[in-house]
Amino acid sequence: MLSLDALRGFDMCFIMGGELVVLSLAALFPGEFSAWAASQMGHVAWDGFVFYDLIFPLFLFLAGISFPFSFAKQCERGASRKAVTLKIIRRGLLLVLLGVFYNGLLQFDFDNLRYASVLGRIGLAWMFAALLYVWAGRKTVFSTAIALLLGYWALLALFVAPDAPEGAGSLSMEGSIVGYVDRLLLPGVLHNGVHDPEGLLSTLPAIVTALLGMFTGDFVRGERCGNGYRKSAAMLCVALLLLGLGYAWGSVLPINKNLWTSSFVCVAGGWSLLLFSLFYFVVDVLGWQRWSFFFRVIGVNSITIYLAQQFLDFHKPVSTLFGGLLGLLPESCYAIGYWCCYVLVCWLLLYFLYRNKVFLKV
């Protein structure tokens, strides 16, 4: 499905400078819409949901969609469940290791190393979801997903951290059981000092985010709903139901990415499914594919660009290749010009890999 790579690339485009392009445009053209667009380009402090809070769960959701296709292909090639299981575990643990490597493992400053990571969250949540998908029946997987969301809600509501300051609520950064488990069990440092948004306990609801993607992949692979038009419509309806459930649930359980609350899972899952249904309909059903090429180049090497920005200095080639041109721009346009060039430099690297059929996967 070209739509899968296109949406993954659209998602990662914001990680490789796209959000700074939007912020620069908003500064260049001030107004109510620009202020709203700028407000969507950064995570909320605690409770709430904006577009940038979708970037991470959308990537995990898309990783879930691809797995039913991968699993079916491996089975067709004669791979046993045991062999597939070993590949799943190896991939999951390798992502955890890459996450720690990304955070500075080779500095050997283990006391100040952050062991939790975005890649680690993807690795563990996807791994456990994939193991459930391979070994459990579909009804069992669906029941497990519901149990995880309800059980996690109960944990958050019923338990306050024993070391919480007086008056701290069970859904606060200092008082949640999620942060307490991380402070108790995670070595090194936490992202927010007393809490880590990619910590241990919040991996449980993140498993459901990956499972929502796997349910979607299963649905798209199947023949029960007929053609692509009907599948797109069905996914859109389910997306709206998830959004309605998530926002309604948010009235009693705040939508919170840091805690990855059950309501957040539904809202992020709803928006993810809505975007996928639109990309699937336009790219794969209607066949309008040329416009998506820019994003597909990013999507097929998404982890590559995520890691590359940590270890390569993309600012230097921007200055080398475009410094003279940028110097001709008026001061008000410099930021938008610079960040467009930054995105272009990243894209050109990925295009070079794409043209040479180099796809780095875990």
Side-chain angles (χ1 to χ4, degrees), residues 1-25 28 41 51-52 54-56 58-63 65-67 69-70 73 91 94-95 98-99 101-102 118-119 122 213 272 275-276 278-329 333-362:
M1 291 187 299
L2 295 180
S3 58
L4 190 59
D5 287 331
L7 182 52
R8 188 184 293 115
F10 172 79
D11 192 36
M12 286 302 299
C13 185
F14 290 93
I15 300 296
M16 67 180 220
E19 83 283 7
L20 294 167
V21 172
V22 175
L23 289 171
S24 300
L25 276 171
L28 187 60
M41 292 297 112
F51 174 79
Y52 210 71
L54 180 62
I55 301 297
F56 184 8
L58 174 58
F59 191 88
L60 180 54
F61 176 85
L62 295 174
I65 290 179
S66 64
F67 181 70
F69 294 90
S70 172
K73 185 181 292 186
R91 181 175 189 258
L94 180 56
L95 281 168
L98 282 174
F101 182 70
Y102 182 94
V118 168
L119 291 178
I122 294 171
S272 298
L275 280 174
F276 176 71
L278 293 176
F279 270 69
Y280 173 74
F281 179 70
V282 172
V283 177
D284 290 323
V285 179
L286 295 181
W288 298 348
Q289 299 171 357
R290 288 187 178 181
W291 68 272
S292 68
F293 179 74
F294 176 85
F295 295 120
R296 284 189 278 124
V297 168
I298 303 170
V300 294
N301 264 313
S302 52
I303 289 184
T304 303
I305 194 60
Y306 180 79
L307 291 172
Q309 288 186 102
Q310 179 72 351
F311 302 108
L312 300 178
D313 183 5
F314 286 96
H315 295 282
K316 186 170 290 186
V318 170
S319 300
T320 302
L321 295 174
F322 303 106
L325 180 62
L326 290 171
L328 299 176
L329 295 176
C333 298
Y334 182 84
I336 179 64
Y338 184 90
W339 289 113
C340 283
C341 291
Y342 182 92
V343 171
L344 179 59
V345 166
C346 293
W347 189 86
L348 288 173
L349 170 64
L350 296 179
Y351 180 67
F352 173 79
L353 296 176
Y354 179 88
R355 283 295 301 270
N356 289 278
K357 297 181 180 180
V358 177
F359 307 113
L360 304 181
K361 300 182 183 297
V362 177

> Any idea how Trp347 and Phe294 line up, ring-wise: parallel (<30°), tilted (30 to 60°), or perpendicular (>60°)?
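Geometry flag for Phe294 against Trp347: parallel rings.
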> Below 30° counts as parallel, above 60° as perpendicular, anything between as tilted: where do the rings of Tyr354 and Phe293 land?
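Rings of Tyr354 and Phe293: perpendicular, over 60°.
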> Do Phe276 and Leu58 make a side-chain contact, defined as non-hydrogen atoms from C-beta onward lying under 4.5 Å apart?
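The answer is no, as the side chains (C-beta and beyond) never meet within the 4.5 Å cut-off.
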> How long is the span from the OH atom in Tyr334 to the CG atom in Leu328, to the nearest 0.5 Å?
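Going from OH on Tyr334 over to CG on Leu328, the span is 11.5 Å.
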> So that I know where these two stand, are Phe14 and Phe51 an aromatic pair - ring centroids less than 6.0 Å apart?
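Yes, they do, as the ring centres are separated by less than 6.0 Å.
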> After noting the C-alpha distance and the side-chain angles of Leu307 and Leu119, does the key distance pass the side chain to side chain contact (heavy atoms under 4.5 Å, CB included) rule?
CA-CA 10 Å; Leu307 291 172; Leu119 291 178; 3.8 Å; yes
> Give me the atom names and distance for the closest heavy-atom approach of Ser272 to Leu54.
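Looking at all heavy atoms of both residues, the closest pair is OG-CD1, 3.5 Å.
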> Taking the side chain as every heavy atom from C-beta outward, state whether Leu20 and Tyr342 have any pair of such atoms under 4.5 Å apart.
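No, too far: nothing below the 4.5 Å cut-off.
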> Any side-chain heavy atom of Leu360 within less than 4.5 Å of one from Ile303?
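No, every pair of side-chain atoms sits at 4.5 Å or beyond.
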> Calculate, to the nearest 0.5 Å, the distance between atoms CG and CD1 belonging to Leu23 and Ile336 respectively.
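CD1 of Ile336 is found 9.5 Å from CG of Leu23.
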> Could you tell me whether the side chain of Asn301 and the main chain of Val358 form a donor-acceptor pair under 3.5 Å?
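Confirmed, Asn301 side chain pairs with Val358 backbone.
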> Mind checking the CG-OG spacing from Leu28 to Ser24? Nearest 0.5 Å is all I need.
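If we round to the nearest 0.5 Å, Leu28:CG and Ser24:OG are 8.5 Å apart.
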> For the residue pair Phe359 and Leu353, establish whether any side-chain heavy-atom pair is separated by less than 4.5 Å.
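No, every pair of side-chain atoms sits at 4.5 Å or beyond.
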> Would you call Ser3 and Val282 a side-chain contact if the rule is heavy atoms closer than 4.5 Å?
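Sidechains of Val282 and Ser3: no contact.
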> In Å, rounded to the nearest 0.5 Å, how long is the span from CG of Leu7 to SG of Cys13?
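Leu7 atom CG to Cys13 atom SG measures 12.0 Å (nearest 0.5 Å).
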> Quick one: pull up CZ in Phe322 and SG in Cys341 and give me the separation to the nearest 0.5 Å.
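With rounding to 0.5 Å, CZ (Phe322) is 5.0 Å from SG (Cys341).
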> Arg296 versus Val283: any side-chain heavy-atom pair under 4.5 Å?
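Not in contact.
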> What distance do Asp5 atom CG and Leu62 atom CG have between them, rounded to the nearest 0.5 Å?
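Answer rounded to 0.5 Å: 9.5 Å.
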> Check the pair Phe314, Leu349 against side chain to side chain contact (heavy atoms under 4.5 Å, CB included), reporting the backbone distance first and the verdict last.
CA-CA 10 Å; Phe314 286 96; Leu349 170 64; 3.8 Å; yes
> Tell me if a side-chain donor or acceptor on Ser302 pairs with a main-chain N or O of Ile298 at a distance below 3.5 Å.
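Looks like no, no N/O pair under 3.5 Å.
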> Would you find a donor on one side and an acceptor on the other, under 3.5 Å apart, between the side chain of Ser70 and the backbone of Ser66?
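Judged by distance alone, no pair lies under 3.5 Å.
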> Decide yes or no for Val318 and Leu326: does some side-chain heavy atom of the first lie under 4.5 Å from some side-chain heavy atom of the second?
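A side-chain contact exists here, since the closest heavy-atom pair is under 4.5 Å.
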> A side-chain contact here means heavy atoms from C-beta on lying under 4.5 Å apart; do Ile305 and Ile15 qualify?
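When only atoms from C-beta onward are counted, Ile15 and Ile305 do not touch, as no gap falls below 4.5 Å.
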> Should the pair Asp11-Arg8 be classified as a salt bridge under the 4.0 Å nitrogen-to-oxygen rule?
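A salt bridge is absent here (no side-chain N lies under 4.0 Å from a carboxylate O).
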> Can any side-chain N or O of Asp284 pair as donor or acceptor with the backbone N or O of Leu2 at less than 3.5 Å?
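Checked: pair present.
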> Give the ring-plane orientation class for Tyr306 versus Tyr102, where under 30° counts as parallel, over 60° as perpendicular and anything between as tilted.
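If you compare the ring of Tyr306 with that of Tyr102, the planes turn out parallel.
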> Can the ring centres of Phe279 and Trp291 be said to be less than 6.0 Å apart?
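Yes, the ring centres sit under 6.0 Å apart.
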